[in-house]
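Here's the structure, in structure tokens; my notes come after.
One is the number of the first residue; the rest follow in order along the sequence. Reckoned from all heavy atoms, side chains included, excluding hydrogens, waters and symmetry mates.
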Amino acid sequence: MSDVDEREHAREREEILEGTFPGVSQDGDGIEAPSVSYSARLLQSSQVLKDALPWAQSASNIGFDVAGKITSMGFAIAQSSIKAASYACVVGGAALATAGAATAGPVLIAGGVGLAALNEGVGLAKDITLGSQSIGKLISHHSIGTTSKAMELFGVEDGKGVRLIFGGDFVQAADFINTMVTSFLGDVPEGIEHKDLYHAFGALSQIHADSGYGLPLNSSATPLIGAVDSDVKRYVRFSAAIYGWLPTMFLGVDRPSVPPEEPTAEHYSGKDVTAFCQITSLDPQDIVDFSLGFVTGGLYAPGYVIALDHATASVVVVIRGTMRVQDAVTDLVCSIAPMDDVADLGPDGAHDGMLKSAKRLSVIVLPKVQDALTAHPKYRVVLTGHSLGAGVASLIGTLWGPSLAVTEAHRAPVRVWAYAPPCVLTRAAALRTAPHITSIVCGSDVVTRFGLATTVDLRNMLVALVVQQRATADAEPAPAPDASATLAHLRRDVLSDEPKLFPAGKILWLDTDTDGSGAVFVADPECFDMMALKSGMFSSHLPQFYLRAVENA
């Protein structure tokens, strides 16, 4: 088939998918064929089926393998039982015969011989059954393969069904995540197994603990001079409240008494609004827009709230953290995307998934924020959120800059408070946003250090430890090396030169790991260039942890 023919066939398939019929005008000049919708549904179903075939093949293989193991186990149990009974009959019959039981002894021996023959028959049945399963597995494999080949001849493309169901964004994100995971696990040198990496993880955790890595006192962070800004303590409640009524109740963020209400398409939206207002002390009438999107939200579309905070003369945009599969996918699309459209940042980059979210959400909330600022011309803009919400808030703040144009003569100040922020900007860009963005980090929170480059660094450190442990396994016992020196050696030899992302703006680091005092430090982004393997690296990321730590700081 020529390139021209291939392009023509591709065009016709696209027209069918779009609900049009090849060669038939859709502007009223032509007559639509009655088979249009049927053709579209047929091709769409074929696309989905084509993409489901590899999963069906895997499921078929697993099913037959499990059935084979169960069959072998069942026959093994039966054969063991029959063999034991046969042995008992022969031994017992021989004993009785020796004792003079002329009838019972031979009968038992004959029974034992019969059971032995039965055991052979059971073994033959086992071979026949397993052989039949193998034939069934082979037939299934070839049937699925033949179906896939037939669909290829028809023109059904790989990945098209997934794109139809989930959208192109999801497919691209899934491809990136698959590449990242495959790279992390697949680039391990031959001979090193996953269990070796697991043991090395424990050893590296001990090195971090012994060296004090991940503690402000052992870094370049400096103690904060003066009290923590009152806004830091105020908006941490907003960042937690946006998770909704049910999550805040289970997480222990707050337990507002909310009257029963029938769920809506927005999933308990009425209760969520009530809980949000109770936790933040806002009046429901001051909610400008409320869209948590538990059900209706797509990829790169986190939930958000726009509200008027009269106590601080602010129009507040609160962005929810990770609550859905789509949010988790956004978190993991952590490659570095350029931010050339932001003049002050030049070639610096940002977290790809969160930048997409920030740009799309900005289009939605910007006109509503500007309307609110027009109605309240002396108000400022506050962007806040926790985790994913903190990352998206930081990037919207980066896109909008330190002030937002409402009219040609009216610009409103912009302030960002980001709690448990992911790594979203390269170091230079992160530092340039310090005047209007503040990131708040608790202890060894893993999310504030997670990224594509830091994940690769972690893998390389684990591999280096495995190699080191194997090299010294047969050596004479020696004093344990200094943990700080070991970590410095690993950092020098292992850390990659790949560009890294960091939390945005000025970073306030709460020391929640040392003694729970919550002392506050101002940290350079470089303090977060490597994951800190501590016991609290996951629990310290939760919204209720930040709520308590910040309010007690």
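- Using a 4.5 Å heavy-atom threshold, the side chains of Pro503 and Cys423 count as touching.
- The closest donor-acceptor contact from the side chain of Tyr419 to the backbone of Val236 lies under 3.5 Å.
- Looking only at distances, no side-chain donor or acceptor of Ser439 sits under 3.5 Å from a matching main-chain atom of Gly505.
- With hydrogens and angles disregarded, no donor-acceptor distance shorter than 3.5 Å links the side chain of His436 to the backbone of Val414.
- Counting only heavy atoms from C-beta outward, the side chains of Lys359 and Val363 never approach each other to under 4.5 Å.
- The two residues Ala420 and Val447 make their nearest non-hydrogen contact at O-CG1, 4.2 Å.
- Taking a cutoff of 4.0 Å between a charged side-chain nitrogen and a carboxylate oxygen, Asp272 and Arg320 do not qualify as a salt bridge.
- The shortest side-chain heavy-atom distance between Phe450 and Leu332 falls under the 4.5 Å cut-off.
- Within the structure, every pair that satisfies the salt bridge (Lys or Arg N to Asp or Glu O under 4.0 Å) test and touches residues 522-534, not counting sequence neighbours, is listed here: Arg427-Asp524, Arg427-Glu526, Arg491-Asp529.
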| query | Should Leu355 and Thr398 be marked as a side-chain contact (heavy atoms from CB on, under 4.5 Å) after you check the CA-CA gap, both sets of side-chain angles, and the distance that decides it? | reply | CA-CA 10 Å; Leu355 182 60; Thr398 302; over 6 Å; no
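- Other residues, nucleotides and ligands place no more than 12 heavy atoms under 6.0 Å from the NZ atom of Lys506.
- Qualifying ring-ring contact (aromatic ring centres under 6.0 Å, His included) partners for His386, counting only residues two or more places apart in sequence or in other chains: Tyr243, His541, Tyr546.
- The aromatic rings of Trp509 and Phe528 are tilted relative to each other, their planes meeting at an angle between 30° and 60°.
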| request: Might you work through the side-chain contact (heavy atoms from CB on, under 4.5 Å) test for Thr433 and Leu425, ending with a clear yes or no? | output: CA-CA 10 Å; Thr433 59; Leu425 288 172; 4.1 Å; yes
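- Using a cut-off of 4.0 Å between Lys/Arg side-chain N and Asp/Glu carboxylate O, Arg324 and Asp327 are scored as salt-bridged.
- Under 3.5 Å, the side chains of Thr312 and Asp309 contain a donor-acceptor pair of N or O atoms.
- With sequence neighbours excluded, the residues forming a side chain to side chain contact (heavy atoms under 4.5 Å, CB included) with Arg411 are Ser403, Ala405, listed by chain and number.
- With hydrogens and angles left out, the side-chain atoms of Thr438 and Arg415 include a donor and acceptor closer than 3.5 Å.
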